[in-house]
Amino acid sequence: MKINPYFSSIIYSYRQSALSKRSTSRRLVAWVEDHRLRTGPAKAIVFILPTRGCSWALSRSGGCSICGYLYDNPQKPDLSEMLTDFSSKLSSLIDPSLSYSIKLFTSGSILDSLEVPKHVLISILHELQPYSSSIKELVLESRPSYVTEEKLTLLRDHFDIAKVEIAIGLESANNAILRDSINKGFFWEDFELATKRVFSFGAKIKAYLLFKPPFVSEFDSILDVFNSVKQVVSLGVDTVSINAINIQRGTYLSSLFEKNFYRPPYLWSLVHICQELSTLYPNLRIICDPVAGGKSRGAHNCGSCDSAIVQALKDFTLSQDPSILQDLPSCPCKLEWKSYLLHSKLNNNDFFSLMF
């Protein structure tokens with residue numbers, strides 16, 4: 001299966017028009033947040049490494065239709081400065097008496113040598129070694145094509161591979177959605193191959209699944225999430241992150257949103273998804289902490305109940321207790337949400353509706 005060249009050319013044109021607003025310089029940023037390990041609640045230290053940015057987004061194919069993270073990456077990254085900042089931030093933020101997940105994000109793929117050269121990745125792993133007893137999980141984001149035996153061998157040689165989790169933005173197990181809605185540039189088979197390779201080295205996989213990509217109705221996207229989870233679980237994946245769309249600047253999706261051709265999803269849908277998945281897969285770690293939740297450019301309801309539901313989703317993610325989602329405030333917009341789903345089910349003219 002190949003990418004859709006017409007769709008890619010459209011996305012590329014939007015990308016080019018926004019690249020002039022790209023950051024000229026950016027330093028590493030890091031923070032501590034609450035996190036759910038497989039074994040229970042803990043802390044996470046999140047690092048955003050200022051690399052050149054996602055190679056797929058920088059390519060002639062334009063990258064993904066929904067992603068604007070590239071504009072926050074510096075045009076001329078200083079990797080030496082980045083390593084200095086990483087060492088300083090790590091030592092100042094970590095408490096050796098606590099348990100941590102270390103999340104290394106680049107807004108692209110940390111296993112892409114064009115973003116993070118081999119020697120830089122090794123240096124980062126060496127910086128982590130003194131804190132290995134406190135680090136229970138090391139999360140590395142990457143596209144499947146960079147999850148090679150060479151990179152997995154490097155990780156195994158310089159860190160405890162059993163603690164490594166490769167986080168892949170699969171978005172959907174439906175290849176047509178990957179091609180004609182997201183322009184992802186890879187397909188289910190690529191994710192499947194990368195997952196098997198990761199497991200063969202003793203590392204773990206987390207699958208990011210996108211909720212309500214463009215041209216897919218809310219009703220159909222709920223079905224797609226259920227189907228995608230079923231498929232990733234069949235591979236042995238034990239962690240999924242349900243990522244609701246948030247409208248990012250300089251993207252094809254932002255143009256649809258600004259023309260009123262797209263509404264971000266309802267928070268009620270996320271509640272429903274998490275409740276159902278918890279019942280179907282009680283041993284699955286489900287992460288759902290919507291970016292810009294409750295805001296107009298993120299998953300939202302009517303405004304009155306949004307903050308309570310966003311907090312409930314965060315509490316559910318940390319506790320993995322679905323009962324938290326059963327005692328939510330009553331709000332008239334829940335009936336509006338149900339009507340919206342019914343309308344999209346009965347009057348669905350979306351291209352992708354034929355696939356469900």
Side-chain angles (χ1 to χ4, degrees), residues 29-37 40-46 48 66-69 72 101 103 105 171 206 208-214 216-219 221-222 225-226 229 239-249 251 253-254 256-258 260 262-279 284-344:
V29 294
W31 65 88
V32 179
E33 65 183 19
D34 293 328
H35 178 71
R36 175 73 190 198
L37 293 169
K43 294 292 184 180
I45 304 179
V46 183
I48 309 297
I66 44 84
C67 183
Y69 288 130
D72 294 326
S101 170
K103 302 179 181 181
F105 300 157
E171 320 304 8
K206 173 167 63 181
Y208 293 125
L209 298 176
L210 188 65
F211 181 54
K212 203 180 179 184
V216 183
S217 74
E218 191 137 347
F219 177 81
S221 192
I222 291 173
V225 168
F226 291 155
V229 169
T239 301
V240 296
S241 179
I242 310 300
N243 297 342
I245 280 283
N246 65 96
I247 311 298
Q248 300 176 13
R249 64 187 176 93
T251 63
L253 180 61
S254 68
L256 298 179
F257 173 75
E258 289 157 9
N260 294 317
Y262 178 89
R263 186 208 187 276
Y266 278 84
L267 290 166
W268 289 119
S269 293
L270 295 176
V271 170
H272 173 69
I273 288 170
C274 291
Q275 287 177 318
E276 291 297 311
L277 290 179
S278 295
T279 300
L284 182 68
R285 181 172 57 155
I286 303 166
I287 299 169
C288 186
D289 187 1
V291 175
K295 299 181 179 180
S296 62
R297 298 177 75 90
H300 65 274
N301 290 341
C302 65
S304 298
C305 61
D306 292 36
S307 60
I309 295 180
V310 169
Q311 186 60 52
L313 289 167
K314 290 183 178 183
D315 292 342
F316 162 75
T317 294
L318 293 175
S319 67
Q320 295 295 290
D321 180 3
S323 67
I324 291 173
L325 302 175
Q326 295 173 0
D327 189 25
L328 293 173
S330 177
C331 187
C333 75
K334 190 168 187 178
L335 180 59
E336 173 190 303
W337 163 69
K338 290 180 178 179
S339 298
Y340 181 78
L341 288 184
L342 180 61
H343 183 270
S344 65

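The structure presented is a predicted model; accordingly, all values stated were derived computationally and were not measured.
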J.: Any side-chain heavy atom of T251 within less than 4.5 Å of one from I66?
T.: no
J.: What's the separation between atom CZ in R263 and atom CD1 in I245, rounded to the nearest 0.5 Å?
T.: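 Going from the CZ atom of R263 to the CD1 atom of I245 covers 13.0 Å.
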J.: Hey, could you give me the CH2/SG distance between W337 and C331, rounded to the nearest 0.5 Å?
T.: 12.5 Å
J.: Quick check: closest heavy atoms across F257 and P264, and the distance to 0.1 Å?
T.: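 The answer is CE1-CD, 3.9 Å.
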J.: Do the side chain of D306 and the main chain of N301 share a donor and acceptor less than 3.5 angstrom apart?
T.: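 Judged by distance alone, yes, a pair lies under 3.5 Å.
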J.: Start with the C-alpha gap between I45 and K103, add the side-chain angles, then the distance that decides, and say whether side chain to side chain contact (heavy atoms under 4.5 Å, CB included) holds.
T.: CA-CA 6 Å; I45 304 179; K103 302 179 181 181; over 6 Å; no
J.: Could you grab the distance from atom OG of S101 to atom CG of D34, nearest 0.5 Å is fine?
T.: 12.0 Å
J.: Determine whether D72 and I48 make a side-chain contact, defined as any pair of heavy atoms from C-beta on separated by less than 4.5 Å.
T.: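 In short, these two side chains do not touch, never coming nearer than 4.5 Å.
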J.: Are F211 and P290 side-chain neighbours, meaning at least one heavy-atom pair lies under 4.5 Å?
T.: no
J.: Kindly give the heavy-atom pair with the smallest separation between L37 and A42, and that separation in Å.
T.: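 So the minimum-distance heavy-atom pair works out to CD1-CB, 3.4 Å.
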J.: Is the shortest heavy-atom distance from the side chain of Y262 to the side chain of L253 under 4.5 Å?
T.: yes
J.: H300 side chain to K295 main-chain N or O, any donor-acceptor pair under 3.5 Å?
T.: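 Yes, the answer is positive, given that a donor and an acceptor are paired below the 3.5 Å cut-off.
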J.: Answer whether the closest heavy-atom distance between the side chains of E171 and L209 falls below 4.5 Å.
T.: no
J.: Side chains of E218 and P265, heavy atoms from C-beta outward: is any pair under 4.5 Å?
T.: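 Result yes, sub-4.5 Å side-chain heavy-atom pair found.
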J.: If only atom types and distance count, is the side chain of D315 paired as donor or acceptor with the main-chain N or O of A312 below 3.5 Å?
T.: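 No, D315 side chain to A312 backbone: no donor-acceptor pair under 3.5 Å.
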J.: Checking T317 side chain against C288 main chain: does a donor-acceptor pair fall under 3.5 Å?
T.: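 Yes, the answer is positive, given that a donor and an acceptor are paired below the 3.5 Å cut-off.
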J.: Using modelled atom types only, decide if a donor and an acceptor are shared between the side chain of R36 and the backbone of R285 within a distance under 3.5 Å.
T.: no
J.: Working to the nearest 0.5 Å, report the span between CG of D289 and CD1 of I242.
T.: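 Nearest 0.5 Å value for the CG-CD1 distance: 12.5 Å.
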J.: So P322 and T279, do their side chains get closer than 4.5 Å, heavy atoms only?
T.: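 Result no, sub-4.5 Å side-chain heavy-atom pair not found.
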J.: Using the rule given for side chain to side chain contact (heavy atoms under 4.5 Å, CB included), can you reason through I324 versus S319, listing the C-alpha separation, both sets of side-chain angles and the distance that settles it, and then say yes or no?
T.: CA-CA 9 Å; I324 291 173; S319 67; 3.1 Å; yes
J.: Counting only N and O atoms by type, is there a donor-acceptor contact under 3.5 Å from the side chain of Q320 to the main-chain atoms of I286?
T.: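 Judged by distance alone, yes, a pair lies under 3.5 Å.
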J.: Could you report the tightest heavy-atom contact between Q275 and L325, atom names first, then the distance?
T.: NE2-O, 3.1 Å
J.: How many angstroms lie between atom OH of Y340 and atom CG of L335, to the nearest 0.5 angstrom?
T.: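 So the gap between those two atoms works out to 15.0 Å.
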J.: What's the shortest heavy-atom distance between N243 and Y208, and which atoms?
T.: ND2-CD2, 3.3 Å
J.: I'd like to know whether W268 forms a side chain to side chain contact (heavy atoms under 4.5 Å, CB included) with L328, so could you lay out the CA-CA distance, the side-chain angles of the two residues, the decisive distance to 0.1 Å, and finally the verdict.
T.: CA-CA 10 Å; W268 289 119; L328 293 173; 4.0 Å; yes
J.: Quick one: are I222 and L341 in side-chain contact, heavy atoms under 4.5 Å?
T.: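 They are in contact (side-chain heavy atoms under 4.5 Å apart), so the answer is yes.
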J.: Nearest heavy-atom pair of K212 and S221: which atoms, and what distance?
T.: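 That would be N-OG, 2.7 Å.
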J.: Determine whether R297 and N246 satisfy the following criterion, side chain to side chain contact (heavy atoms under 4.5 Å, CB included), listing intermediate values before the conclusion.
T.: CA-CA 6 Å; R297 298 177 75 90; N246 65 96; 5.8 Å; no
